[in-house]
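Please read the structure below before turning to the comments.
Throughout, protein chains are lettered first and strands after them, A, B, ... in sequence-line order, and every chain is numbered starting at 1.
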Amino acid sequence: MKNELYIQNSLTRKKELFKPITEGFIGMYVCGPTVYNDVHIGNCRTFVSFDIIYRYLKYIGYQVRYVRNITDVGHLTDEGEDKMSKGARLAKLEPMEVAQKYTVGFHDMMRIFNTQAPNIEPRATGHIIEQIEMVQQILDNGLAYEANGSVYFDTIKFAQQQDVYGKLSGRKIDDLMSESRDDLKNQSEKNHPSDFAIWMKASDEHILRWNSPWSVGFPGWHLECSAMSTKYLGKTFDIHGGGNDLKFPHHENEVAQNHGACGCHPANYWIHTNMLEMNGRKMSKSDGNTITPAQLFSGNSPHISKAYSPMVVKFFMLQAHYGSTLDITDKGLQDAEKGYRKLMEANALLQKMESSNGAATELDKEINATINKAFQQMSDDFNTPMALARLFELVAKINGIGAGHISGDEITSDTLQRMKDTFQSFITDIFGLLNDSTADSTNNGNGVTDGLMELIIDLRQNARVTKDWGTSDKIRDSLNELKIQLKDGKDGTTWSKN
RNA sequence: GGAGACGUGCCCGAGUGGUCCAAGGGAACAGUUUGCAAAACUGUAAAGCCGCCGGUUCAAAUCCGGCCGUCUCCUCCA
């Protein structure tokens with residue numbers, strides 16, 4: 001079952017056969033959030049994507065060390081103010097209070113999406129010493145210079161020494177040389193506009209500050225990832241991931257820093273996830289084309305007609321490849337909700353099926369081939385939409401057996417068991433999809449509601465037996481207005497919340 | 001202006017030289033079920049050639065060039 005794994009490597013822009021540095025082990029670093037405000041739904045997609053990657057790597061047998069940082073210092077706004085400090089100033093809080101608040105919020109959201117925690121989640125402020133050491137190394141190697149208490153990475157020298165700078169983001173050095181924003185803080189201290197700060201001297205009003213050989217100051221934005229990935233995964237590790245928008249300058253500068261400090265490349269494979277859009281346009285707070293996870297879950301937004309559960313949103317994300325842009329639309333979410341329920345219900349049906357010890361028919365072969373294909377496609381750059389498509393092909397078979405259109409005698413007990421394992425593996429272990437309690441009454445843990453619903457359904461059933469359609473329809477319609485849907489089936493009535 | 005990605009049925013979204021007259025989901029339509037609905041299940045049909053134009057090839061949605069459009073990045077961003 002273990003297929004060879006292929007990964008689209010941003011570094012080479014090619015799909016490559018994955019070979020770990022140490023057989024059986026993988027080191028993976030993913031750039032985490034800057035915790036200065038509530039987590040954005042786009043962030044959620046990125047981290048859900050990497051969670052699937054992490055889970056799948058483990059599933060195919062690797063021991064993975066997954067490191068995802070929390071950036072709580074160094075990330076400056078356009079005005080040159082530290083994002084943490086700005087958040088603190090506005091809310092009259094300590095910077096660390098701001099960091100803590102949004103870190104907790106971020107963790108809560110990751111839990112809501114049922115992602116697994118990384119093995120190590122280092123914070124930039126917890127690694128100031130490592131960052132200072134790295135600045136020193138880069139200085140020692142002659143690839144940085146000090147100016148007025150700040151230290152800048154010498155991009156020109158680096159570019160002249162080795163043909164690395166610009167490779168990851170596809171930038172041409174000449175272009176970099178000629179263009180740069182002119183409103184950057186401390187621009188005048190730099191030898192060249194494309195140079196970037198790895199240590200910055202703190203102004204008097206700057207709260208986040210540490211002692212260093214050069215000044216009382218703070219580390220540059222890109223440095224924490226270089227320092228922390230090196231510390232926990234080594235100078236060169238297997239996979240580095242992050243959102244597409246981090247390619248430049250963040251990742252490009254990270255690569256430069258690692259080369260500058262250690263003389264080697266940080267990661268063999270770079271994975272970049274693509275952006276989430278809404279209604280065909282980039283999400284933007286300023287023009288209102290934005291939606292928060294909370295709004296998605298509550299339905300409280302002009303962009304959507306109803307609430308969507310976190311698992312529906314996650315399923316929606318899985319229907320697209322991580323490397324493609326994904327457009328959030330109300331209709332898209334509605335479709336995803338139906339697909340998600342169909343998958344989960346088919347799985348519930350499958351897990352209850354009894355083996356009938358059938359023969360190895362054509363159908364049996366087909367099912368096994370489809371299962372093989374699902375894993376093979378998942379191993380082809382984590383192609384979740386393809387794997388999902390194969391699962392849905394199996395759903396048709398499962399429902400066919402359930403409805404009696406297909407005889408259980410057509411598949412062997414081994415194949416049935418394999419199908420059960422495959423669904424369980426994909427849904428639970430790889431995709432991390434949970435049974436959505438709000439969408440499924442059978443999993444609703446609320447005893448009072450369950451009891452009340454049982455009573456109401458019972459009363460309505462009585463009315464139906466006496467053909468009192470007025471009463472039974474009134475119950476049905478009233479519940480509908482409360483967004484509770486009754487489902488009359490052969491074996492009685494169930495309900496679900498919409 | 002520069003760099004990158006993309007443009008596939010009614011919608012979403014796979015497919016990156018032949019097995020594609022193009023996966024899967026949703027919608028549509030029909031059937032089963034139902035007191036009627038809804039839900040569920042089953043089945044069917046649906047892209048006149050995969051943005052447009054041209055080229056390479058025995059063979060292209062898939063490679064190359066041009067054009068049009070969308071998105072991302074160019075030191076705020078997952």
Side-chain angles (χ1 to χ4, degrees), chain A residues 10 13 15 30-34 36 39-50 75-79 83 166 169-172 174-176 178-181 183-185 187 193-197 220-222 241-250 252-253 272-277 280-283 315-316 319-321 323-329 331-343 345-346 373 377 383-393 395-396 399-400 402-406 464 467 469 472-473 476-477 480 485-490 493-496:
Chain A
S10 318
R13 263 153 247 181
K15 206 182 270 181
V30 173
C31 288
T34 300
Y36 66 102
V39 63
H40 180 91
I41 186 68
N43 291 241
C44 294
R45 183 195 184 196
T46 295
F47 298 126
V48 164
S49 295
F50 282 109
H75 206 154
L76 304 184
T77 64
D78 269 348
E79 293 75 40
K83 286 194 168 184
S169 58
R171 241 142 272 252
K172 293 195 181 78
D174 294 346
D175 295 343
L176 267 171
S178 60
E179 62 172 75
S180 188
R181 279 172 53 156
D183 56 353
L184 268 180
K185 183 149 175 82
Q187 191 76 281
S194 68
D195 292 350
F196 56 92
W221 171 36
H222 319 297
N244 207 274
D245 51 351
L246 290 181
K247 242 190 218 171
F248 189 88
H250 188 242
E252 195 68 74
N253 288 172
H272 285 100
T273 56
N274 219 137
M275 300 292 106
L276 200 57
E277 297 165 14
R281 283 172 25 241
K282 117 180 225 186
M283 286 205 203
F315 180 89
F316 173 73
Q319 280 188 303
H321 185 83
S324 305
T325 54
L326 176 61
D327 191 17
I328 285 195
T329 58
K331 187 172 188 308
L333 288 165
Q334 279 178 27
D335 297 350
E337 181 167 60
K338 288 180 182 161
Y340 163 74
R341 289 189 188 178
K342 188 172 170 181
L343 179 69
E345 280 163 26
K373 218 168 168 186
Q377 291 175 324
N383 200 325
T384 54
M386 282 298 244
L388 225 33
R390 301 293 80 73
L391 251 34
F392 273 104
E393 281 170 4
V395 165
N399 287 331
H405 298 277
I406 299 173
R464 295 179 73 203
K467 296 196 198 290
W469 308 129
S472 93
D473 288 356
R476 183 216 279 163
D477 297 342
N480 219 1
Q485 185 183 36
L486 292 180
K487 300 174 175 177
D488 295 327
K490 261 189 184 144
T493 302
T494 57
W495 63 280
S496 69

*Mapping A:L486 and A:A389 to their closest nucleotides on RNA chain B, which lands nearer the 5' end?*
A:A389
_Of A:D473 and A:D327, the one whose closest RNA chain B nucleotide lies more 5'_ =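 Closest to the 5' end, via its nearest nucleotide, is A:D327.
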For [X] and [N], what is the distance between atoms [atom1] and [atom2] respectively, to the nearest whole Å?
X: A:E277; N: B:A5; atom1: CD; atom2: C1'; value: 11 Å
X: A:Q377; N: B:G13; atom1: CD; atom2: P; value: 18 Å
X: A:D477; N: B:A37; atom1: CG; atom2: C1'; value: 9 Å
X: A:R341; N: B:A38; atom1: CZ; atom2: C1'; value: 13 Å
X: A:E252; N: B:G4; atom1: CD; atom2: P; value: 13 Å
X: A:L388; N: B:G13; atom1: CG; atom2: P; value: 14 Å
X: A:K487; N: B:U34; atom1: NZ; atom2: P; value: 18 Å
X: A:R13; N: B:C73; atom1: CZ; atom2: C1'; value: 12 Å

Measure from the side chain of [X], starting at C-beta and using heavy atoms only, and say which of [options] lies closest.
X: A:D488; options: B:G24, B:C71, B:C36; result: B:C36
X: A:R464; options: B:U75, B:U34, B:A38; result: B:U34
X: A:T34; options: B:A78, B:U75, B:G35; result: B:A78
X: A:F248; options: B:C73, B:A78, B:A14; result: B:C73
X: A:M386; options: B:A78, B:G4, B:A23; result: B:A23
X: A:F47; options: B:C74, B:A78, B:C36; result: B:A78
X: A:F196; options: B:A14, B:U75, B:A39; result: B:U75
X: A:S194; options: B:U75, B:G13, B:A78; result: B:U75
X: A:Q485; options: B:A38, B:C12, B:U75; result: B:A38
X: A:T325; options: B:A37, B:C71, B:A14; result: B:C71

[atom1] atoms of [N] and [M], separation to the nearest Å:
N: B:U19; M: B:C50; atom1: P; result: 16 Å
N: B:U56; M: B:U70; atom1: P; result: 31 Å
N: B:A27; M: B:C11; atom1: P; result: 15 Å
N: B:C20; M: B:G1; atom1: P; result: 42 Å
N: B:U33; M: B:A39; atom1: C1'; result: 11 Å
N: B:A14; M: B:A23; atom1: P; result: 14 Å
N: B:G7; M: B:A47; atom1: C1'; result: 15 Å
N: B:G48; M: B:G25; atom1: C1'; result: 25 Å

*Short side-chain N/O contact from A:S324 to OP1 or OP2 of B:A14, under 4.0 Å*: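 For A:S324, the contact criterion (side-chain N or O under 4.0 Å from OP1 or OP2 of B:A14) is met.
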*Give a yes/no answer on whether the side chain of A:N274 brings an N or O atom under 4.0 Å of OP1 or OP2 in B:C6.*
no
First locate atom [atom1] of [X], then atom [atom2] of [Y], and finally report the distance between them rounded to the nearest 0.5 Å.
X: A:Q485; Y: A:W495; atom1: CD; atom2: CH2; result: 12.0 Å
X: A:T384; Y: A:H321; atom1: OG1; atom2: NE2; result: 7.5 Å
X: A:N274; Y: A:N244; atom1: CG; atom2: CG; result: 5.0 Å
X: A:L343; Y: A:L388; atom1: CG; atom2: CG; result: 6.5 Å
X: A:Q334; Y: A:K338; atom1: CD; atom2: NZ; result: 6.5 Å
X: A:S169; Y: A:L246; atom1: OG; atom2: CG; result: 12.0 Å

Quick check: closest heavy atoms across [X] and [Y], and the distance to 0.1 Å?
X: A:T273; Y: A:S49; answer: CG2-CB, 3.8 Å
X: A:P33; Y: A:N43; answer: CB-OD1, 4.3 Å
X: A:A320; Y: A:R45; answer: CB-NH2, 4.2 Å

Report all interatomic pairs (protein N or O, nucleotide N or O of nucleotides 17-22 of chain B) with separations under 3.5 Å.
none

*asked:* Tell me every residue that passes side chain to side chain donor-acceptor pair (under 3.5 Å) with A:K15, counting only those two or more places apart in sequence or in another chain.
replied: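 With neighbours one apart ignored, the set is A:D380.
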_Residues that A:R390 engages under side chain to side chain donor-acceptor pair (under 3.5 Å), provided they are two or more places apart_ = A:Q377, A:E393
Just call it for [X]: base, sugar-phosphate, or nothing, with non-hydrogen atoms closer than 4.0 Å on any strand.
X: A:H321; answer: sugar-phosphate
X: A:G42; answer: base
X: A:L276; answer: base

*Kindly express the pairing pattern of RNA chain B in dot-bracket notation, using | wherever a base pairs with another strand and counting only Watson-Crick or G-U pairs under 3.5 Å.*
((((((((.[[[..)..(.....]]].(((((.......)))))......[[[[[..)....]]]]])))))))....
*asked:* Would the base of B:G15 count as contacting A:N383 through its side chain, where contact means a donor and an acceptor less than 3.5 Å apart?
replied: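 When only heavy-atom distances are counted, A:N383 does not reach the base of B:G15 through any donor-acceptor pair under 3.5 Å.
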_Once hydrogens and angles are ignored, does a donor-acceptor distance under 3.5 Å link the base of B:G4 to the side chain of A:S169?_
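Absent.
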_So if I define the base as every atom that isn't primed, P, OP1 or OP2, how would nucleotides 25-32 of chain B read as a B/S/- string at a heavy-atom cutoff under 4.0 Å?_
BBS-----
*Check ring-ring contact (aromatic ring centres under 6.0 Å, His included) between A:H250 and all other residues, then give those that pass, not counting sequence neighbours.*
A:W221, A:H222
